[in-house]
Amino acid sequence: MKTRIPVSVFALLAVSAVFLQADPKNSTPFSGKPAAIPGLIEAEHWDKGPAGVAYSDADEENKGEDYREKTSVDIEKRSDASNGHGIGWTRAEEWLVYTVEVTEPGTYTVEMPVASKKKGGTFRLEFDGKAITEKITIPDTGSWQKLEMISCKTVPLKKGVYRMKVVMLENGESTGIGDIDYFKFVKVDS
Ligand SMILES: [Ca+2]
Ligand SMILES: [Ca+2]
C-alpha cells in the first residue's frame, strides 16, 4: 500500500505536466500582467512564449535588433519610435499575441504609427479569435524612416482579459505589410 500512493501521485504530476506544456494558450504577458485597455501597447511587447503560441514569423532569423529574448520576430530599433523600437519586416500570415485587459467597456479608436516605402499590406486585430477591427491597410509613408499615424475603430469591447492577435493578412506593393510602433487604444464611447 505504501508504495502505491507515491506512484499514483507521480503519474498524476506527469500527466499534469504534459497538459501544461500542451496548452495552446500558454503565452504570458510581456510585463507580467495584461496590457491595459485603454492604454498604449508597444508592438515590440508581444507575449512571452514559444513560436506557434506567442507569435508566428515567416523566417527563423530576427532581421533587426536583439531587444528581448532570442526570437524570429523582426524587431526594429528606431529613434523616432515610442520605446525606441517597433516591429518591421512583417509578412503575410505572420502573427503576434498580446494578453490584454479591457478595464473600461466601450468602442475604441486604435492609433498606430506605421511606416512603409511604397504601399504596405493589410492586417487586423482579433480578440480570442474574433476580429475587432476591419482590415487595416498601411499606406505609403514615403520612407521606411517616416512614421505616420493611422487609426481604426474597434467593435464594442467588453470588460475582461483577452488574447489580442495581430494578424498579418496580405503583402502590399512594398512586398510586406509595414513597420508598426504601437497600438494605442483610446475610448470613443461606452
Ligand atoms: Ca524573422
Ligand atoms: Ca514601439
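Just follow the structure's listing: the first ligand is 1, and inside any ligand the first atom is 1. Every heavy atom of this structure was used, including side-chain atoms; hydrogens, water molecules and symmetry mates were not.
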Q: Please say whether more than 12 non-hydrogen atoms of neighbouring residues, nucleotides or ligands are located less than 6.0 Å from NZ in Lys33.
A: no
Q) Of all residues at least two apart in sequence or in a different chain, which pass the side-chain hydrogen bond (donor to acceptor under 3.5 Å, both in side chains) check with Lys119? A) none
Q) side chain to side chain contact (heavy atoms under 4.5 Å, CB included) with Tyr67: which of Lys77, Glu76, His45? A) His45
Q | Among Arg124, Arg91, Lys135, the one residue meeting salt bridge (Lys or Arg N to Asp or Glu O under 4.0 Å) with Glu170 | A | Lys135
Q.
Would the distance check show the side chain of Arg68 and the main-chain N or O of Glu44 forming a donor-acceptor pair, the cut-off being under 3.5 Å?
A. yes
(Q) Working to 10°, measure the angle at the Ca ion (ligand 2) formed by atom O of Asp181 and atom OE1 of Glu42. (A) 90°
Q: With 3.0 Å as the limit, jot down which protein N, O or S atoms are around the Ca ion (ligand 1).
A: Asp57 OD2, Asp59 O, Asp59 OD1, Glu61 O, Ser72 O, Asp74 OD1, Asp74 OD2
(Q) If I compare all heavy atoms of Asp179 with all of Trp89, which pair ends up nearest, and what's the gap? (A) OD1-N, 3.9 Å
Q) Any link between Phe123 and Val155 through a network of hydrophobic side chains (Ile, Leu, Val, Met, Phe, Trp, Tyr) touching at under 4.5 Å? A) yes
Q) Hey, is the Ca ion (ligand 2) within less than 3.0 Å of some N/O/S atom on Ser82? A) yes
Q) Any N/O/S atom of His85 sitting less than 3.0 Å from the Ca ion (ligand 2), backbone or side chain? A) yes
